[in-house]
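Beneath this line is the structure, given in structure tokens, with notes to follow.
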Amino acid sequence: MINYDLARKDMINNQLKKKGIVDKNTLSAFEKIHRHLFVGENDKGHSYDDSALSIGYGQTISQPYIVALMTQLLKPNRNDVILEIGTGSGFQAAILSTMCKFVISIERIPELAAFAKKNISETGSDNVQIFVGDGSLGWKANAPYDGIMVTAGSEVLPQVLLAQLKPGGRMIIPLGSEDSHKLTLIKKEEDGYITEEMTDCHFVPLIGRKHNA
Ligand code: SAM
């Protein structure tokens, strides 16, 4: 019998904190949202490991540290509406839901969108809405957003996403080639934006029209 509470505490202390996650809201979200609810039956025993795990359809739930780092860099506030591209298992959306007003998450694979909805409903979160679609085009209906998080790797910065971000808003996106990405923080200003490369990472690709003009 796996002691998930113990495994989760160990993940927070020996992975997240040791690797530099200091934001209290991020750490508290990882206590509230149980990662073992977001993986398949055969992977439950590895759900608090320091690694990404397969969720089927060639896709993954990201490494806990990367989820925490992206959350800490996005800095969601209580009244924010956040757009996530790449729902996958729903874990990242559930983490964000504990810190902001509303999360809209877009997934291109219908079966994963259904998997994520089921997983999130088990956490009791009621402020996440998941849509099936091409998230590289953003989600215009609820734009502009206070923050945007892209959880798949893109060769280009989709300008359409930037256009859906409020001035003062932050976007976090893995940018680069298929083999290696740079986790990139974008801060939108009134008259442009600034980018900061944070760390190397590896993501499954963002598949879509990726409007970059
Ligand atoms: N955030 C997820 C989680 O917490 O489990 C992990 C995301 S996984 C690394 C990347 C996801 O992005 C996959 O589920 C994939 O199907 C999705 N994806 C790739 N391109 C997409 C697109 N254009 N629009 C929406 N989702 C996309």
Side-chain angles (χ1 to χ4, degrees), residues 7 10-12 14-23 26-27 29-30 33 35-36 38-40 42-76 82-96 105-109 111-113 115-116 119 134-138 147-158 161-162 170-187 195-212:
D10 188 64
M11 170 193 70
I12 291 170
N14 291 318
Q15 297 172 38
L16 308 190
K17 288 185 181 170
K18 279 206 177 138
K19 292 183 187 198
I21 303 302
V22 291
D23 176 56
T26 301
L27 291 168
F30 272 80
I33 302 299
R35 194 171 185 253
H36 67 272
F38 292 81
V39 301
N42 293 339
D43 281 317
K44 297 267 184 217
H46 294 288
S47 46
Y48 295 97
D49 288 3
D50 189 11
S51 62
L53 293 170
S54 166
I55 51 171
Y57 308 93
Q59 307 303 324
T60 53
I61 176 173
S62 304
Q63 181 193 12
Y65 166 65
I66 289 292
V67 175
L69 180 62
M70 291 174 84
T71 308
Q72 177 169 273
L73 290 169
L74 194 71
K75 284 196 189 155
I82 303 291
L83 175 68
E84 182 201 22
I85 310 302
T87 318
S89 69
F91 181 67
Q92 175 74 77
I95 290 282
L96 291 169
S105 186
I106 315 297
E107 171 56 54
R108 58 179 284 275
I109 301 175
E111 290 84 352
L112 284 180
F115 178 59
N119 296 340
D134 178 2
S136 73
L137 306 177
I148 299 180
M149 182 184 285
V150 183
T151 64
S154 181
E155 285 179 13
V156 295
L157 172 61
L161 291 185
L162 200 55
R170 296 159 83 87
M171 170 156 49
I172 182 93
I173 179 168
L175 286 177
S177 71
E178 218 173 280
D179 297 336
S180 89
H181 299 109
K182 295 268 183 213
L183 196 58
T184 307
L185 174 65
I186 290 143
K187 296 179 190 162
T195 64
E196 234 179 294
E197 284 183 354
M198 307 309 299
T199 188
D200 292 331
C201 57
H202 179 69
F203 272 82
V204 293
L206 181 72
I207 297 166
R209 289 173 65 193
K210 298 186 198 87
H211 274 209
N212 61 351

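Counting begins at 1 with the first residue of the sequence. Excluded from the calculations below are hydrogen atoms, water molecules and symmetry mates; all remaining heavy atoms, backbone and side chain alike, are included.
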- Which residue pairs satisfy the side chain to side chain donor-acceptor pair (under 3.5 Å) criterion with at least one member in residues 65-76, sequence neighbours excluded?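 For residues 65-76: Thr71-Gln92.
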
- Message: So if I apply the side-chain hydrogen bond (donor to acceptor under 3.5 Å, both in side chains) rule between His46 and each of Asp49, Asp43, Asp50, which one comes out positive?
- Response: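 The option that passes is Asp49.
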
Quick check for you: to the nearest 0.5 Å, what is the distance between [X] atom [atom1] and [Y] atom [atom2]?
X: Ser154; Y: Ile207; atom1: OG; atom2: CD1; result: 11.5 Å
X: Leu74; Y: Leu69; atom1: CG; atom2: CG; result: 11.0 Å
X: Met171; Y: Leu161; atom1: CE; atom2: CG; result: 5.5 Å
X: Ile82; Y: Leu96; atom1: CD1; atom2: CG; result: 6.5 Å
X: Thr199; Y: Lys19; atom1: OG1; atom2: NZ; result: 10.0 Å
X: Phe115; Y: Ile61; atom1: CZ; atom2: CD1; result: 7.5 Å

Non-hydrogen atoms of [X] and [Y] that approach each other most closely:
X: Ile173; Y: Pro158; answer: CD1-CD, 3.7 Å
X: Gly138; Y: Ile85; answer: CA-CD1, 4.4 Å
X: Ala152; Y: Pro174; answer: O-CD, 3.6 Å
X: Arg35; Y: Ala52; answer: NH2-CA, 4.3 Å
X: Ser47; Y: Val39; answer: CB-CG2, 3.8 Å

How about [X] and [Y]: do any of their side-chain heavy atoms sit closer than 4.5 Å?
X: Val150; Y: Phe203; result: no
X: Phe91; Y: Asn119; result: no
X: Asp134; Y: Arg108; result: no

State whether the side chain of [X] and the backbone N or O of [Y] hold a donor-acceptor pair below 3.5 Å, judged by distance alone.
X: Thr151; Y: Gly86; result: yes
X: Glu84; Y: Met149; result: no
X: Arg170; Y: Leu73; result: yes

